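What you see is a predicted model, and the numbers here were worked out from it, not measured in a lab.
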Amino acid sequence: MHGTRPVVLVGPMAVGKSAVGRMLAERIGAPFIDTDRVIVERHGSIAGIFARQGEEAFRALEADVVRAALDEDAVVSLGGGAVLHPRTRDLLQDTTVVFLDTDLAAVLPRIGADASRPLLAGRPAERWQELYDARRPVYAALATTVVDTRGLSVRAVTAAVLRAVPALHRSDGGPGDTTPAATHDATHHLDHESGTTHHGH
C-alpha cells in the first residue's frame, strides 16, 4: 500500500469482513489483519472472554488490538461491535473506513446455528437486527465509503471496494482490480466464503 492510510472494514456480524478483507489484501499486495482472530489467538475464544470478563472488558482489550493493527500498513477487519469503544472510534479517524452493509435476510443463513456469537445467543435473528439498528448509524458516521454487499460474491464486493477507494493499488504499482462486479457467483458467494473464524459481538 506504500504508506497509504490503513484500510479498515467495518460492518455488522456475518457480513463477510474477514473474507473480503483477505481478498482485498491479496489484490493490493498488503498484509491482512483480522482483529477478532488476533484476540482469539492471544486470549482464547471471544465467547469465553465475554463469559469471564463481560463486554466492557472485552471492548477495552479489543481497542488495544485495534490500535496495534492500525500501526501496520494493512487491510484490517474489525469485529461488529469494535466501533462501540470511543478509543477505537478515535483511532479510525486517520484511516480509510469501508462500511460493508447488508440486511438480515442476507446474513440469516450464516448466523442461525452459530453458537460462537455470544450476543446472538437464544434468538439470533432478532438480536442481529437489534444490534444492526443500533450500530448502523455509527458505521455510517465513521465510513469513508459504503458498499452494499447484498447478493454479491466476495470477489464482487472486493471489486466494489477497489472502485470505491481509487487510492488503493497493487503493491507492484499497477491499478487495483477493475473487474466488473457480477451480482452472483455461486462458487465464491459470501455465504460460502464468510471467513474461517466466526465472531459474535
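Side-chain contact check for Ile46 versus Val40: some heavy-atom pair is nearer than 4.5 Å. Contact check for Val83 versus Leu92: side-chain heavy atoms found under the 4.5 Å cut-off. Between Ile33 and Val75, the closest side-chain pair of non-hydrogen atoms is not below 4.5 Å. Residues Leu9 and Leu78 fail the side-chain proximity criterion, which asks for heavy atoms closer than 4.5 Å. Residues Leu142 and Val10 form no side-chain contact, since every pair of their non-hydrogen atoms from C-beta on lies 4.5 Å or further apart. Using a 4.5 Å cut-off on side-chain heavy atoms (C-beta onward), Arg42 and Arg37 make no contact. Using a 4.5 Å cut-off on side-chain heavy atoms (C-beta onward), Val7 and Val165 make no contact. In this structure the side chain of Val97 never reaches within 4.5 angstrom of the side chain of Thr145, judged on heavy atoms.
The CG atom of Leu104 sits 8.5 Å away from the CD atom of Glu126 when rounded to the nearest 0.5 Å. If you take OH on Tyr132 and CG on Asp101, they are separated by 3.5 Å, rounding to the nearest 0.5 Å. Rounding to the nearest 0.5 angstrom, the gap separating the CZ atom in Arg87 from the CG atom in Asp64 is 4.5 Å. Thr102 OG1 to Arg110 CZ: the interatomic distance, rounded to the nearest 0.5 Å, is 6.0 Å. Atom CG of Leu168 and atom CD1 of Ile28 lie 5.0 Å apart (nearest 0.5 Å). Taken from CG in Leu131 to CE in Met13, the straight-line distance is 4.5 Å, to the nearest 0.5 Å.
Taking every heavy atom of both residues into account, Leu100 and Pro12 meet most closely at O-CD, 3.5 Å. Between Ala14 and Val107, the shortest heavy-atom distance links the atoms O-CG1, 3.7 Å. Minimum interatomic distance between Ser18 and Phe32 (heavy atoms only, all atoms of both residues): O-CZ, 3.5 Å. Residues Val146 and Ala143 share a closest heavy-atom pair of CG2-CB, 4.1 Å. Residues Pro6 and Thr95 share a closest heavy-atom pair of O-CB, 3.5 Å. Between Arg150 and Ala106, the shortest heavy-atom contact is CG-CB, 4.3 Å.
Counting only distance, with no hydrogens or angles, the side chain of Gln93 and the backbone of Arg89 share a donor-acceptor pair below 3.5 Å. One N or O on the side chain of Tyr139 and one on the backbone of Gly11 form a donor-acceptor pair closer than 3.5 Å.
Residues Asp94 and Arg5 are not paired through a salt bridge, judged by the lack of any N-O separation under 4.0 Å between the basic side chain and the carboxylate. Here Glu26 does not pair with Arg22 in a salt bridge; the nearest charged N to carboxylate O distance is not below 4.0 Å.
The side chain to side chain contact (heavy atoms under 4.5 Å, CB included) search around Leu61 returns Ile39, His43, Val65, not counting sequence neighbours.
Around atom CZ of Arg123, more than 12 heavy atoms belonging to other residues, nucleotides or ligands sit under 6.0 Å away.
Remark: of the listed residues Glu62, Glu41, Lys17, Glu62 is the sole one forming a side-chain contact (heavy atoms from CB on, under 4.5 Å) with Asp36.
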